[in-house]
Each structure stands twice: as structure tokens, then as C-alpha cells.
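Numbering of ligands and ligand atoms starts at 1, following listing order.
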Amino acid sequence: MTETQPELPLFPPSAEFAASANATAAMYDEADADRLAFWATQANRLSWNTPFTEVLDWSGAPFAKWFGGGKLNVAFNCVDRHVLAGHGDRVAIHWEGEPVGDARSLTYAELKDEVCRAANVLTDLGVTAGDRVAIYMPMVPEAVVAMLACARVGALHSVVFAGYSSTALRARIEDAEAKMVITTDGQFRRGAAVPLKTGVDEALEGLDPDANTVEHVLVVRRTGMDTPMTAGRDLWWDEAMSTVSNEHTPQAFDSEHPLFLLYTSGTTGKPKGVVHSSAGFLTQAAYTHYYVFDLKPETDVYWCTADIGWVTGHTYIVYGPLANGATQVLYEGTPASPDEHRHFQVIDKYGVTIYYTAPTVIRTFMRWGRELVREHDLSSLRLLGSVGEPINPEAWRWYRHVMGQDNTPIVDTWWQTETGAAMIAPLPGVTHCKPGSAMRALPGISAKIVDDDGNELAPSPDFGEHTTGYLVLDKPWPAMLRGIWGDPDRFVETYWSRFAEQGWYFAGDGARYGSDGEIWVLGRIDDVMNVSGHRISTAEVESALVGHAGVAEAAVVGATDATTGQAICAFVILKEHAKELGRDDMVHELRAEVAREISPIAKPREIHVVPELPKTRSGKIMRRLLRDVAEGRPLGDTSALLDASVFEAIRAAK
Ligand code: WTA
């Protein structure tokens with residue numbers, strides 16, 4: 001790539017917004033002058049049972065300890081303290097179900113009662129601090145209550161996206177040795193009630209009895225559908241909740257007490273259980289939510305459209321907003337149910353002021369057209385956010401022009417499951433933005449773009465290949481992951497070995513500096529794909545494909561897609577006997593197999609049956625070349641290939 005990008009106009013904040021913004025330019029200087037003092041100030045926005053005595057202990061790097069000596073309770077910080085401060089009547093959650101008209105609002109006082117009851121239920125069922133609880137639920141208020149109840153009793157939740165298959169759920173239950181699963185009878189998907197709890201049954205039935213650590217399954221009634229219950233193991237949530245008190249005294253936990261596990265895709269087929277801490281995670285979640293979204297808790301109505309199954313749902317639906325006493329919308333369904341108007345109707349109905357979504361959603365809106373959007377009153381919106389993948393400048397401008405009335409700030413937030421909270425983003429009211437750039441590291445955070453040897457790159461106005469480098473985080477941050485569940489070596493190897501000498505965290509993303517030194521994140525440079533903002537590893541999809549009896553070999557790559565960012569393209573070699581089944585039937589079956597093994601979100605857009613795969617002399621599949629084929633580009637350097645003629649065969653098969 002040598003294409004040059006013309007200098008883009010800057011989007012400065014409006015004077016009006018800047019005048020009342022939470023953030024100030026001085027925050028960068030304060031943090032630069034004394035980074036640890038800056039983080040101590042942010043941590044002190046929380047309520048502590050025992051104050052911390054040491055901000056950071058990095059002596060065991062890369063295993064960090066933040067806010068040592070301190071003790072707090074995360075759920076108390078997210079709920080009780082707002083009630084104690086007199087805000088019990090403030091709405092915490094405006095819940096909007098997928099079926100139109102199905103809605104419910106919970107105040108902070110009501111949320112506190114629910115969380116206390118649920119904490120009592122967990123305790124009665126034998127869940128104690130340090131235990132793991134799997135949560136497999138759609139976007140209902142009980143999911144938030146369940147997460148906070150775990151936090152309250154010190155149990156680690158492991159939320160598994162309800163779109164994952166029972167096979168994927170089973171692997172996560174097994175790895176975490178979960179003691180309990182919390183789920184719903186079913187969920188609404190595009191107008192239909194579909195079962196969910198049966199997925200939990202399948203996951204548990206498939207476990208080796210010795211490996212089955214699950215003692216109880218708690219089931220929230222969402223759809224009212226007939227649901228088989230296993231006596232002694234399964235309990236209805238509403239029945240359990242009705243017999244316990246709404247009083248619960250939270251226990252204070254050490255700052256470093258693990259708060260949750262969240263499985264995410266890495267470069268191997270086995271998902272990693274990313275471990276997050278209590279105080280460091282909550283500090284950065286609350287800090288970034290307050291400043292990056294300019295939250296005014298008394299007046300704003302905030303809406304993050306992520307699912308609680310992903311990290312964005314953890315940090316920017318549950319912990320950040322609730323720690324800040326925000327009022328937010330929680331929506332159960334997809335943007336197109338029952339039709340394309342839904343998000344805009346929800347914005348209008350609740351007077352949403354802050355809207356945070358993914359570029360893939362914005363590009364979908366663009367496809368639907370601005371006329372549709374303009375049928376709705378979106379004048380309540382005053383800040384828009386983006387996350388999950390690079391936002392292309394065209395989508396950025398559309399977002400601002402069509403949804404932001406040409407004046408709202410847009411915060412493009414770069415971060416990862418592993419970073420726990422936003423790392424690179426504009427400060428609204430301060431930053432002059434360039435569409436498509438996440439701009440610079442937030443106050444207190446340090447990021448660099450470096451070459452192979454760790455030398456920092458120079459700012460550059462063009463997109464030349466020589467100006468692309470590795471995005472690294474060169475200083476520890478409070479919400480950083482504390483490890484991979486049960487696998488400390490993998491933690492060190494995955495994130496800290498590429499620049500081990502310098503002691504930097506390598507994020508897996510490629511990036512470049514723009515002409516003003518701002519950061520442009522270009523996307524993953526490892527074998528992780530990003531499909532509609534969902535992280536999926538090539539190895540996971542490959543192993544699902546070769547798990548099928550008819551497949552001899554498979555190679556998967558992510559190819560650019562105009563709507564989803566990347567799309568999954570698979571190349572498979574069939575076994576002799578499988579060739580008898582027609583090619584279309586086989587492709588159909590393989591896509592179903594991936595949905596069964598992982599999730600419908602991981603179904604390849606294309607599956608090409610090919611006679612051979614391009615390999616190096618050492619037998620490694622050259623994915624780079626397959627990406628060229630998938631995107632219809634001329635092949636790059638093929639000198640490492642064992643047999644260059646393989647491409648004629650692949651092209652002929654495509
Ligand atoms: C990508 C989601 C560009 C990136 C919070 C990262 C982004 C991966 C952005 C993490 C952004 C996320 N601009 N790329 N604003 N935000 N990414 O763990 O490749 O699901 O490494 O966390 O998403 O995905 P994850």
C-alpha cells in the first residue's frame with residue numbers, strides 16, 4: 001500500500017461543548033507530571049472500605065498490583081453508594097425488550113434490592129468468594145443483577161455470549177471449573193422465542209462427569225416457554241429470589257481480588273480466560289466512562305448497544321456507567337427488529353443523549369439510508385461513540401452528519417478485552433478529531449507505535465507500508481488483565497514476549513502515526529479476525545471445520561468486507577468420500593458445523609473447496625496469500641511457497 005491519504009480537516013469541539021466538558025487539556029499534563037498520583041486521584045473517585053497504601057507494584061512484571069493495601073466492594077460502588085447519596089430514585093436501567101412494548105425501568109434503589117437478593121441466593125447455594133459462575137443470558141436486567149451479585153460476594157463471573165453454542169459454553173464452563181450457571185429459559189430473537197436453557201443442559205451433559213463442577217443452574221423466566229428442569233440441580237430464579245431478604249452486607253475485598261473472567265479468541269483454537277481485577281478495573285472503567293463520554297449523571301441518558309457477552313458490555317454497560325451513577329438504556333434485540341427504525345425509536349423514546357456503538361452498526365445504518373434516520377427526532381443526542389474495529393472516515397463523517405446533527409463530538413475508543421477499558425480515544429471538549437483516528441492515549445495511559453526492533457516510528461502523513469508498525473503499551477495501566485485463567489505462561493508468551501526486552505505489552509494491532517502524531521489503528525496483524533466487532537480466531541474456525549468428518553484440511557482468513565469490517569473466508573480440502581456429496585450441500589453442512597461448534601457469528605461468508613493449500617517448505621499455511629486470493633488482489637511475494645502452481649488450482653476452484 002503506497003496510497004497517500006490527503007490531509008483531513010480537523011473537527012474541533014464546539015465552544016459550547018468545551019465550556020461544560022468534564023475533561024480538560026490539563027489532564028494530560030497532570031498525568032504526565034505524576035502518572036501514579038493521577039491514577040490515585042481517579043481511584044479515589046471510588047468508595048473504599050480501607051484506603052490503598054501503594055498505587056502500583058510493578059516488581060513482579062508483567063503481573064501488576066494496583067492500589068495495594070486497599071479494600072472495596074465493587075457492587076457497593078456500583079449500586080449502594082448512589083442510594084446512600086440520595087439517588088435511590090434515579091433510574092439506573094431503562095430496559096427495552098425485543099418485543100415492542102415490553103419495557104421496564106429499574107431505579108438504583110430497586111437495583112440494590114435485586115442485587116442484594118441475588119447475593120443472598122448465591123450465598124445460600126454455596127457460592128463463595130473465588131468461585132466461578134458462568135452467565136449465559138440475553139440482554140435482560142437480571143443479567144446485570146447476576147453479574148453484580150457475583151461481584152458482591154467475590155465470585156468471578158464468566159459471561160458467555162448467549163449466541164455461542166452449547167459446545168462453546170461447555171469449553172468455558174470446563175476451563176473455569178464453574179460452580180454455577182445462570183441462564184434464562186429462552187430468548188427473543190427477531191420476534192421468535194427460542195430456547196436457551198436447553199443449551200446449558202447440552203453443555204453439562206457433554207461434560208466428563210469428573211469434570212462437571214456445576215452444582216446448580218439458576219433459570220430466569222424470560223419467555224415462559226416449557227423448560228425441562230433437573231431436580232436438585234436447577235432452580236427458578238424468581239422462586240429463589242422470593243424467599244430471601246433484600247438486605248445484604250457487602251464484604252470488602254482486596255484491590256487485586258479477581259472480579260471476572262472473560263473468554264476471548266486468541267491465535268490458537270483454545271479461547272483464553274482473561275482475568276480482571278477489582279479496584280484497578282473499576283477505577284479505569286469509571287474514569288474513562290466519565291471523561292470519554294462526558295457523563296453528566298443527573299441529566300444524561302446513556303446507551304451502549306454492545307452485548308454483555310463482550311467486554312464492552314462489561315465495562316461500558318455494567319461497571320463504568322453504574323459506578324458513575326448513570327441512567328442507561330439496555331436493549332435486548334437487534335437493530336432491525338421488528339424493523340430498521342428500532343434504534344432510532346429507542347433514542348427518541350428515552351431521550352438518549354450519549355450513544356455508543358460499533359462501526360459495523362453505523363455502516364448498516366448507512367446502507368439503510370439517511371432518509372430513514374431523518375424520520376426520527378434524534379436531537380437529544382449530544383455525544384456519539386464508536387468501538388470494536390477501525391471506523392472508516394466515511395462512516396465517521398456520516399455518523400456525525402446524519403446522527404450527530406453536525407455538531408456532536410465522536411469518540412472513537414480503541415481498547416481490548418485485555419486492556420479492560422478504553423486506552424486511546426479523544427477527550428470530548430478538548431481534542432480536535434480526525435475522522436477515522438482514535439487520536440492519542442488517554443491521560444494516564446502510554447502507547448507507542450514501533451518497528452520490528454522497538455524503535456518508535458515517526459509521524460507521517462501517508463499510508464505507506466514503511467510507516468506501519470506495532471501498537472504497544474509501554475507502561476502498565478490499572479485495568480490491565482492480570483493473567484489468563486490457569487495459564488500464566490500463555491499470558492507472558494502471548495502479550496509480553498514480542499517486546500520482552502523492553503517490557504512492553506504488544507496488542508496484536510498494526511498502527512501508524514498521522515501527521516500530527518495521532519494514532520491510526522489499522523487492525524489485527526495476528527491470526528485474529530474482527531467480524532462485526534466480534535473477535536474470532538482463524539484457528540478456532542479451522543478446528544471446527546476439520547472437526548467435520550469430510551474435511552481433510554482447512555485454512556481460514558479474514559477478508560475485507562464493506563459492512564462487517566472483515567468476513568470469514570475458508571478454504572477446505574475434502575476427503576475422498578466427502579466429494580460424493582454435492583459441493584453446495586457440503587458447504588452448507590460445513591457452515592452449520594461452524595455454527596454448532598462455535599456460534600452463528602463465526603459462520604464463514606465463503607467456503608471454497610480447493611484441491612490444495614499454499615504452504616511453505618516447513619508446512620505452514622501462507623494465509624497472507626490466501627487473503628490476497630479472497631480479496632481478489634494480485635498475489636504478494638510467493639518465493640517462500642513450496643509449489644507456486646497451487647494458485648492456479650485454487651483460482652480455478654473459486
Ligand atoms: C479492535 C473490543 C480500531 C482491535 C473493545 C483490538 C479497534 C480488538 C477499536 C479488540 C478502535 C477495538 N479502532 N480497532 N476504536 N476498538 N478495535 O477484545 O483490533 O473484542 O485489538 O475488544 O478490536 O477486540 P475486543
Ligand 1 contacted by W310 (non-hydrogen, < 4.0 Å):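 Not so, W310 does not reach ligand 1.
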Give yes if a backbone or side-chain nitrogen or oxygen of [X] is under 3.5 Å from a nitrogen or oxygen of ligand 1, and no if not.
X: E418; result: no
X: R524; result: yes
X: S386; result: no

Atom CD of E394: over 12 foreign heavy atoms under 6.0 Å: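 No, because the 6.0 Å sphere around CD of E394 holds 12 heavy atoms or fewer from other groups.
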Would you indicate whether E493, at its atom CD, is surrounded by more than 12 heavy atoms from other residues, nucleotides or ligands within a distance under 6.0 Å?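 12 or below, so no.
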How does T312 reach ligand 1, if at all, at less than 4.0 Å between non-hydrogen atoms: by side chain, backbone, both, or neither? side chain
Below a 4.0 angstrom heavy-atom separation, can you tell me which part of Q416, side chain or backbone, both or neither, approaches ligand 1? both
Does the plane of the ring in Y356 sit parallel, tilted or perpendicular to the ring in Y316? Use 30° and 60° as the thresholds.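 Judged by the thresholds at 30° and 60°, the geometry between Y356 and Y316 is perpendicular.
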Parallel, tilted or perpendicular: ring planes of Y505 versus Y495, cut at 30 and 60 degrees: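 Y505 vs Y495 ring planes: parallel.
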Identity and distance of the protein heavy atom lying nearest atom 3 (C) of ligand 1: P390 N, 3.1 Å
Nearest to atom 1 (C) of ligand 1, what protein heavy atom do you find, and at what distance?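 The answer is G388 O, 3.3 Å.
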